[in-house]
**Student:** 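Quick one: the structure is below, questions incoming.
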Number of protein chains: 2
Amino acid sequence: MAEQQRGSVTLMDVAARAGVSLATASRALNGSTRRVGDDLRERVLAAARSLNYAPNAQAQAMARGQTNVVGLVVQDIADPYFSSIAAGVMGAAEGHQVLVTLGSTLRRSEREVDYLVAARGQRSRAVILAGSRMDDDDHAQALRREVEIFENDGGTVVAISQKHLPVDTVVIENRIGARDLAAELVALGYRRFGVLAGADRMLTSRDRVHGFRDGLGRSGVDLDPAFVLHGAFTRDGGYEAMQTLLDSGGELDCVFAVNDVMAVGAMAACRERGLAVPDDLGLAGFDDISTLRDVYPALTTVRLPLEKVGATAFDLVLSAPERTKPRTRRIKGEVVLRQSTRRID
Amino acid sequence: MAEQQRGSVTLMDVAARAGVSLATASRALNGSTRRVGDDLRERVLAAARSLNYAPNAQAQAMARGQTNVVGLVVQDIADPYFSSIAAGVMGAAEGHQVLVTLGSTLRRSEREVDYLVAARGQRSRAVILAGSRMDDDDHAQALRREVEIFENDGGTVVAISQKHLPVDTVVIENRIGARDLAAELVALGYRRFGVLAGADRMLTSRDRVHGFRDGLGRSGVDLDPAFVLHGAFTRDGGYEAMQTLLDSGGELDCVFAVNDVMAVGAMAACRERGLAVPDDLGLAGFDDISTLRDVYPALTTVRLPLEKVGATAFDLVLSAPERTKPRTRRIKGEVVLRQSTRRID
DNA sequence: TTGTATGCGTTATCAG
DNA sequence: CTGATAACGCATACAA
């Protein structure tokens with residue numbers, strides 16, 4: 001006898017079935033301080049179970065004035081860099097009774113603002129902004145403004161990448177990692193470097209290039225600006241930049257691609273030209289994307305604990321204090337020498 | 001003058017500022033049938049803007065009795081297979097004013113039920129269940145039950161992989177893909193095959209194995225069950241299964257790993273033993289994970305349009321009819337022959 | 001066209 | 001310990 005056409009069972013249904021008041025039912029099911037008689041509590045629980053009661057989270061949120069929604073905004077969820085971070089966030093959220101909503105900006109930073117507004121509408125507890133900032137970002141000001149509004153409403157914002165927003169931030173030590181890599185490569189004997197960079201506006205790319213140049217400098221090696229090529233921060237970007245670099249005719253002995261995905265593209269370009277890595281040319285990347293650990297020859301790179309980055313961001317959300325100075329968590333990379341570079345004389 | 005301690009601006013604030021009633025403000029901002037005078041509408045919009053008003057989505061949901069939340073449940077967001085599907089879902093959702101929530105089961109299928117309950121609590125409009133079913137799934141019954149409850153509440157469930165739930169499903173043609181692959185491999189001249197499979201309970205793995213065997217059979221080639229090894233559905237699973245297979249001493253000329261990630265692990269195992277692919281042994285995978293397109297030697301595989309799979313699932317959500325027979329969308333793979341296999345005589 | 005009043009499902013405040 | 005009842009913020013049926 002179609003007991004319910006559509007629309008779910010409510011707390012009232014449960015209360016009625018258990019023969020108690022709404023308040024008692026609420027307390028028995030979701031109340032914090034358990035001050036309900038055991039007998040009644042039992043009846044309520046039984047009623048809820050038999051009715052398949054699921055509390056209306058929206059209504060709870062309204063009544064409580066807060067939600068357990070955390071927004072995660074990435075540039076591209078299909079990019080292993082971001083999906084690893086996302087996995088870290090999800091893992092850390094596990095068991096904390098929070099709902100993670102996913103936003104993908106497709107590398108258009110103005111979308112970040114949209115997501116922030118949406119998150120505010122959802123009364124989200126927090127938003128994690130994962131992704132490199134652009135230097136000349138037209139939307140930087142709009143973002144700052146929206147962040148401020150969101151925080152004024154009581155929300156928490158956590159950023160991942162660079163410290164460019166006055167919020168808790170997981171800073172990825174791109175410069176240091178690239179510097180260390182440069183030092184190791186010089187130690188191997190490399191001297192004439194080329195660099196495959198992303199867009200110059202992209203801070204992550206720029207930091208890695210600067211750090212690399214800095215590391216070379218400390219070892220007394222110069223980096224010829226003519227051999228620093230800019231392309232898309234993708235496989236194809238690396239492929240094309242490498243082609244251009246090879247066409248330029250510079251006599252290089254090692255190439256640093258600012259991320260693994262670009263490095264893989266570069267490797268493909270080398271292969272096409274019959275250039276052997278590492279025999280004819282050393283090649284290094286950055287990130288240590290786990291899916292790419294088995295490329296051959298194995299890529300020398302800077303390992304970033306991406307899942308830990310995500311987990312750390314989530315920890316910052318959980319431990320967000322009332323309103324203090326923004327905190328910073330620094331995460332360093334670790335140079336991993338593999339077969340794409342070798343000792344040369 | 002701390003205009004607002006915490007807590008956001010409400011529609012009432014906007015209405016007051018604009019000097020109109022709540023209803024008018026509501027209609028001007030979110031109402032469907034625009035029946036508000038231009039002057040008032042303008043005033044309301046201006047007020048909302050100046051106050052940074054963002055409608056409380058929870059309250060809207062309650063008043064409307066429905067939400068725009070769509071839940072996406074994957075097994076592991078860090079797995080490129082699932083992150084590609086997720087990207088497809090996100091892309092299709094773009095511009096449709098829906099919020100995608102992300103759930104990750106970490107390959108524990110009982111978590112799917114948890115997410116479904118949570119989605120029901122959120123009064124989610126729909127849930128997309130991405131991920132292979134297990135054959136002897138203890139939780140299958142619980143899942144069926146929860147799906148039914150969710151749908152009774154008016155929610156839509158869409159599954160991706162196999163048709164094993166009475167809901168709209170994006171079926172991935174694993175058998176056909178594997179069968180086609182087998183045919184092509186036989187055509188290349190291969191005869192003595194080994195297979196690296198996932199857990200036998202996992203339907204996706206099983207379908208691919210069966211399809212492969214079927215394809216061989218049609219070409220008059222037998223698959224020795226002794227050379228079908230089961231391992232984890234991961235890189236390491238492929239690596240270990242390949243080791244075992246090589247240890248078994250069978251004289252094989254081609255190995256089919258049921259997914260690319262396992263194939264890459266297998267390739268690593270071969271390399272360690274000094275076995276050259278494809279010269280000493282052919283190797284094929286399944287999925288055509290884009291991040292792995294540049295492994296060397298390039299992997300022969302079955303290309304699955306993963307983003308399209310996700311997009312199709314989302315389309316099913318959008319077009320979910322009142323209550324009819326479950327629909328099925330079949331998505332086929334396409335054999336891609338690359339360097340990890342070759343013509344042999 | 002605009003305003004008034006009611007209800008959505010819960011929590012929390014207040015009495016009993 | 002338990003039960004009425006008032007918010008919570010918005011949409012909408014109804015009245016003007």
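Since the structure is predicted, the reported quantities are computational estimates derived from the model, not experimental observations. Every chain is numbered from 1 and lettered A, B, ... according to where its sequence line falls, protein lines coming before strand lines.
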**Student:** Provide, to the nearest angstrom, the distance between the CD atom belonging to A:Gln58 and the P atom belonging to D:dC10.
**Tutor:**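 Result: 14 Å.
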**Student:** Need the bend value for the helix from C:dT1-D:dA16 to C:dG16-D:dC1: angle between end axes, 5 pairs each end, nearest 10°.
**Tutor:** 40°
**Student:** Phosphate oxygens OP1/OP2 of C:dT10: is one of them under 4.0 Å from a side-chain N or O of A:Asn30?
**Tutor:**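 No, outside the criterion.
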**Student:** Measure the shortest side-chain to side-chain distance between A:Ser161 and A:Arg133 over non-hydrogen atoms and say whether it is less than 4.5 angstrom.
**Tutor:**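 No - every pair of side-chain heavy atoms lies 4.5 Å or more apart.
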**Student:** So do the side chains of A:Leu106 and A:Arg111 get within less than 4.5 Å of each other, counting heavy atoms only?
**Tutor:** no
**Student:** If each of B:Gly37 and B:Arg123 is mapped to the nucleotide of DNA chain C with the nearest heavy atom, which maps nearer the 5' terminus, i.e. the 5' end?
**Tutor:**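 Checking each residue's closest nucleotide, the 5'-ward one belongs to B:Gly37.
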**Student:** Which of residues 59-67 of chain B sit near DNA chain D, with a heavy atom under 4.0 Å from it?
**Tutor:** B:Ala59, B:Gln60, B:Ala63, B:Arg64
**Student:** Considering only heavy atoms from C-beta outward, does the side chain of B:Arg329 approach that of B:Val171 to under 4.5 Å?
**Tutor:** no
**Student:** Check whether any side-chain heavy atom of A:Lys308 lies under 4.5 Å from a side-chain heavy atom of A:Ile331, and answer yes or no.
**Tutor:**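 Yes, at least one pair of side-chain atoms sits under 4.5 Å.
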**Student:** Do A:Met90 and A:Phe314 make a side-chain contact, defined as non-hydrogen atoms from C-beta onward lying under 4.5 Å apart?
**Tutor:**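 Counting from C-beta outward, A:Met90 and A:Phe314 never come under 4.5 Å.
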**Student:** Test of understanding: with salt bridge (Lys or Arg N to Asp or Glu O under 4.0 Å), list the residues that count as partners of A:Asp315, not counting sequence neighbours.
**Tutor:** none
**Student:** Mind checking if B:Ser26 touches a base, just sugar-phosphate, or nothing, with heavy atoms under 4.0 Å?
**Tutor:** base
**Student:** Once salt bridge (Lys or Arg N to Asp or Glu O under 4.0 Å) is applied, do any residues pair with B:Arg108, and if so which ones, sequence neighbours excluded?
**Tutor:**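 Per chain and number, B:Arg108 pairs via salt bridge (Lys or Arg N to Asp or Glu O under 4.0 Å) with B:Glu110.
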**Student:** May I ask you to say whether B:Asp168 pairs ionically with B:Lys163, meaning some side-chain N is under 4.0 Å from a carboxylate O?
**Tutor:** no
**Student:** Write out a two-atom table: protein N or O, nucleotide N or O from nucleotides 3-5 of chain D, distance below 3.5 Å.
**Tutor:**
from	atom 1	to	atom 2	distance (Å)
D:dG3	OP2	A:Ser21	N	3.3
D:dG3	OP2	A:Ser21	OG	3.3
D:dG3	OP2	A:Thr24	OG1	2.4
D:dG3	N7	A:Arg27	NH2	2.6
D:dG3	O6	A:Arg27	NH1	3.3

**Student:** Check side-chain hydrogen bond (donor to acceptor under 3.5 Å, both in side chains) between B:Gln60 and all other residues, then give those that pass, not counting sequence neighbours.
**Tutor:** none
